[in-house]
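The structure under discussion appears below in the form of structure tokens.
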There are 2 protein chains.
Amino acid sequence: MATLKYSRQRESIKEFLMTRKDHPTADVVYENMKKIYPNISLGTVYRNLSLLSEIGEIQKLSNFGSADHFDGCVEPHCHFMCTTCGDVLDLETEGMDDLIEKAGRNFSGKITACDIRFFGTCPKCMNK
Amino acid sequence: MATLKYSRQRESIKEFLMTRKDHPTADVVYENMKKIYPNISLGTVYRNLSLLSEIGEIQKLSNFGSADHFDGCVEPHCHFMCTTCGDVLDLETEGMDDLIEKAGRNFSGKITACDIRFFGTCPKCMNK
DNA sequence: GTTTTTGCAAACCTTTTGCAATGGA
DNA sequence: TCCATTGCAAAAGGTTTGCAAAAAC
């Protein structure tokens with residue numbers, strides 16, 4: 001991999017994601033970056049989101065809906081998507097650590113990762 | 001919803017999915033349908049795959065790679081994707097039925113569904 | 001005869017890429 | 001200076017859609 005050079009844009013994207021508790025899409029990141037860098041391009045946003053998730057500084061959540069979502073928190077945790085409003089939220093993970101081991105019992109391949117996602121109605125939409 | 005009318009194409013698509021143990025993408029379904037209906041269009045395949053998954057006769061797996069996969073089996077079960085060859089396989093689910101209940105303990109919304117996906121190396125790719 | 005489904009092609013949405021110019025080390 | 005990063009625009013990949021013709025009921 002090539003040497004990494006500093007870029008203001010990348011720094012801002014990472015910072016933005018870390019201060020958001022939701023999990024915005026590339027487009028939302030782009031719209032927010034335009035407030036700081038009016039000429040920033042969507043391509044730059046995508047390139048940096050890929051780069052950041054490759055080096056493990058952010059997490060890419062693929063296919064909650066049609067567009068990818070990005071999470072500034074890289075600690076392993078589950079996600080929940082509200083089927084009413086489309087929001088993606090974090091969820092407690094306790095008691096799910098042995099899933100990979102359990103799943104491997106009847107499988108002759110090797111399982112290295114696991115992704116759990118929940119769906120339903122979020123607290124906000126429950127009160128409507 | 002409008003009344004459903006019979007269509008040979010839809011019937012064949014469903015049958016094809018039920019006899020496959022892997023989980024083909026729309027494109028693979030399309031290529032195979034062309035053997036039976038040389039003039040069938042991709043649009044028809046997509047329309048029927050959507051329709052069938054809406055009425056619960058097949059399952060759409062939206063989370064593996066860039067294209068959706070389709071599963072002729074609608075019983076709840078987990079999936080595994082090989083990060084080497086890209087194949088999607090079924091996996092035993094025992095001991096995972098209480099996940100939704102567990103996840104709901106610390107959550108004030110309502111969880112109705114859960115999707116568990118595993119990643120790793122499949123048996124075929126282990127022997128290479 | 002009415003309504004659904006089809007084939008075709010164009011549109012759509014999200015993401016990636018080529019390229020010359022800019023900027024960091 | 002050298003090479004990574006940027007902005008721009010075009011392309012790519014997967015999926016959806018509008019429309020007139022064909023098929024189902």
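Bear in mind that the values here come from a model prediction, so they are computed numbers and not experimental data.
- Rounded to whole angstrom, the span from the CD atom of A:Glu11 across to the P atom of D:dT6 amounts to 11 Å.
- Side-chain contact of B:Asp87 with B:His23: a donor-acceptor pair under 3.5 Å is absent, judged by distance alone.
- Taking atom CG of A:Asn48 as the reference point, atom P of C:dG24 lies 14 Å away to the nearest angstrom.
- Between the CD1 atom of A:Ile36 and the P atom of D:dT6 there is a distance of 14 Å, given to the nearest Å.
- Taking atom OH of residue A:Tyr30 and atom C1' of nucleotide D:dT6, one finds them 13 Å apart after rounding to whole Å.
- Separation of atoms NZ (B:Lys14) and CD (B:Glu57) is listed at 3.5 Å; rounding is to 0.5 Å.
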*Encode nucleotides 15-25 of chain D as B, S and - characters from 5' to 3', where the letter depends on protein heavy atoms closer than 4.0 Å: B to the base, S only to sugar-phosphate, - to neither.*
BBBB-----BS
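- The residues B:Lys34 and B:Glu31 are annotated as salt-bridged, a charged nitrogen and a carboxylate oxygen being separated by less than 4.0 angstrom.
- Distance, A:Ile40 CD1 to C:dG23 P: 14 Å, rounded to whole Å.
- B:Phe119 and B:Phe80 have their aromatic ring centers separated by at least 6.0 angstrom.
- The side chain of A:Gln9 places no N or O atom within less than 4.0 Å of a non-bridging phosphate oxygen (OP1 or OP2) of C:dG23.
- Counting heavy atoms from C-beta outward, A:Leu17 and A:Pro24 have side chains that approach closer than 4.5 Å.
- The distance from atom CG of B:Leu61 to atom P of D:dG14 is 16 Å, rounded to the nearest whole Å.
- The shortest distance between side-chain heavy atoms of A:Leu99 and B:Leu99 falls below 4.5 Å.
- End-to-end axis angle of the helix from C:dG1-D:dC25 to C:dA25-D:dT1, from C1' rotation axes over five pairs per end: 30° (rounded to 10 degrees).
- No donor-acceptor contact under 3.5 angstrom links the side chains of B:Asp115 and B:His79, judged on distance only.
- Using a 4.5 Å heavy-atom cutoff, the side chains of A:Ile58 and A:Ile13 are not in contact.
- The nearest whole Å value for the distance from the CZ atom in A:Arg10 to the C1' atom in D:dT6 is 11 Å.
- Atoms CZ (A:Phe64) and P (C:dT14) sit 17 Å apart, rounded to a whole Å.
- For B:His69 and B:Asn63, the side-chain atoms include no donor-acceptor pair closer than 3.5 Å.
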